[in-house]
2 protein chains.
Amino acid sequence: MVEKLTIGKLAEATGTKVETIRWYEKVGLIAPPARTGGNYRAYLPGDLARLSFIRRARDLGFPIEQVRALLDLSDDRTRDCATVDRIATEHLREVDRKIAGLTALRRELSAVILSCDGGTVAQCRIIEALGPADPIAC
Amino acid sequence: MVEKLTIGKLAEATGTKVETIRWYEKVGLIAPPARTGGNYRAYLPGDLARLSFIRRARDLGFPIEQVRALLDLSDDRTRDCATVDRIATEHLREVDRKIAGLTALRRELSAVILSCDGGTVAQCRIIEALGPADPIAC
DNA sequence: CTTGACCCTCTAGCGACTACAGGGTGCATA
DNA sequence: TATGCACCCTGTAGTCGCTAGAGGGTCAAG
């Protein structure tokens, strides 16, 4: 008899919220576990490993569908590693795109803020920079 | 009589989707405009200015609630510019946090990918790096 | 008079959870 | 034995900022 885990213990062990675990079950990332007499979920150590995998992949920013694909791949250990590499590389490129976008945004936002040197809203360069042509004042 | 705009013209002029404009109206970012006999929305040039402002702020990544605050501020032009500056600076710090988080993630993800040098999933370092201790194989 | 582009409202869906509400279970303590 | 409390259950609705679709009405051109 292997030791069993309540959902709370599993949550604590993996740094996941209880509701999140139930949600992963609902969307099919983890299988519905056995139940105790009192209808409590009873997890096995294997579930802990799988959930850790999911959390780690999520922490690295993989979307759920990519996590699902990685889980499927890791289940069939005879397969070629190339698909795994492709998924991860694709994700890396997505992260790079996000960083580039945010960096450009940061530059522009920073320029807008630097233009402000106090005064009233009517003179404010930030507001001015946001509205191209406000016909009421200005 | 000022010239009026249909929602489609307004959308085109501001680079917004029609549905988005209706949604902005629903959440109170723009006031419900007058209607034509056929129940079409009839916008005025002032609406165009306001929507341009909203779009520009959104493009800079301001969340809706901050856009709302900026709009309120820009409506009262006698007020001190400091609040505007505070909102923008706060948002800039949020953007910086996001960039820092993504950059850290990128570093880690990149390291994981570099460790892969082909072979089967069983030998894959990417999968290995994701799962800390899979008791089935390894 | 018909076609087609536009407009209307209302509802549901996206991703990835999070937060209740309204109950049941299990264990320790008085 | 009773009671309290921490934990668990299901189900639903909310988050953010839209987006997509169903099922219809309106308007101008040909």
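All chains are named by letter (A, B, ...) in the order of the sequence lines, taking the proteins before the strands, and each is independently numbered beginning at 1. All values derive from a computational prediction rather than experimental measurement. Side chains included, hydrogens not; waters and symmetry mates left out as well; all remaining heavy atoms used.
- If you take NZ of A/Lys9 and P of D/dA6, they are 14 Å apart, rounded to a whole angstrom.
- Within a 6.0 Å radius of CD in A/Glu19, more than 12 heavy atoms belonging to other residues, nucleotides or ligands are found.
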Using side-chain contact (heavy atoms from CB on, under 4.5 Å), reason through B/Leu10 and B/Thr16 one step at a time and then give a plain yes or no.
CA-CA 8 Å; B/Leu10 184 62; B/Thr16 315; over 6 Å; no
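- Mapping B/Arg22 and B/Lys26 onto DNA chain C via the closest heavy atom, the residue that lands nearer the 5' end is B/Arg22.
- Regarding contacts with the backbone of D/dC8, a side-chain N or O of A/Thr6 is found under 4.0 angstrom from either OP1 or OP2.
- Nucleotides of DNA chain D nearest to B/Pro63 and A/Val18 differ in position, and the one nearer the 5' end is that of A/Val18.
- A salt bridge links B/Asp75 with B/Arg50: at least one charged nitrogen is closer than 4.0 Å to a carboxylate oxygen.
- Taking 4.0 Å as the cutoff to heavy atoms of chain B, we find the contact window on DNA chain C bounded by C/dC6 to C/dT11.
- Counting any heavy atom pair closer than 4.0 Å across all strands shown, A/Arg68 reaches no nucleic acid atom.
- Scanning for side chain to side chain contact (heavy atoms under 4.5 Å, CB included) contacts around A/Phe62 gives A/Ala57, A/Leu60, A/Gln66, A/Val67, A/Leu70, A/Ile87, A/Ala88, A/His91, B/Leu109, with sequence neighbours left out.
- With respect to A/Glu94 and A/Arg97, a salt bridge is recorded, a charged nitrogen being found less than 4.0 Å from a carboxylate O.
- Here the side chains of B/Thr83 and B/Arg86 are in contact, with some heavy-atom distance below 4.5 Å.
- A salt bridge links B/Arg68 with B/Glu65: the distance from a Lys NZ or Arg NE/NH1/NH2 to an Asp or Glu carboxylate oxygen falls below 4.0 Å.
- Remark: C1' of D/dC18 and CD1 of B/Ile54 are 14 Å apart, rounded to the nearest angstrom.
- For A/Ala42 and B/Glu65, each mapped to the nucleotide of DNA chain D holding its nearest heavy atom, the one lying further toward the 5' end belongs to A/Ala42.
- If you take CH2 of B/Trp23 and C1' of D/dC16, they are 7 Å apart, rounded to a whole angstrom.
- Side-chain contact between A/Trp23 and A/Leu29: absent, with no pair of heavy atoms (C-beta onward) separated by less than 4.5 Å.
- With hydrophobic clusters built from ILVMFWY side chains whose heavy atoms lie under 4.5 angstrom apart, A/Tyr40 does not share a cluster with A/Tyr43.
- Considering only side-chain N and O atoms, A/Arg35 lies nowhere under 4.0 angstrom from the phosphate OP1 or OP2 of D/dC8.
- In this structure, A/Thr36 and B/Ile7 both approach DNA chain C, and ranking their closest nucleotides by distance from the 5' end singles out B/Ile7.
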Given Watson-Crick and G-U pairs under 3.5 Å, DNA chain C in dot-bracket ([ ] crossing, | other strand) is ||||||||||||||||||||||||||||||
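- Looking at heavy-atom distances under 4.0 Å, B/Phe62 makes no contact with the nucleic acid at all.
- Remark: A/Arg41 is in phosphate contact with D/dT10, judged by side-chain N or O atoms under 4.0 Å from OP1 or OP2.
- Rounded to an integer number of Å, the gap from CG of B/Asn39 to P of D/dG25 is 12 Å.
- As rounded to whole Å, 15 Å separates atom P of D/dA20 from atom CD1 of B/Ile21.
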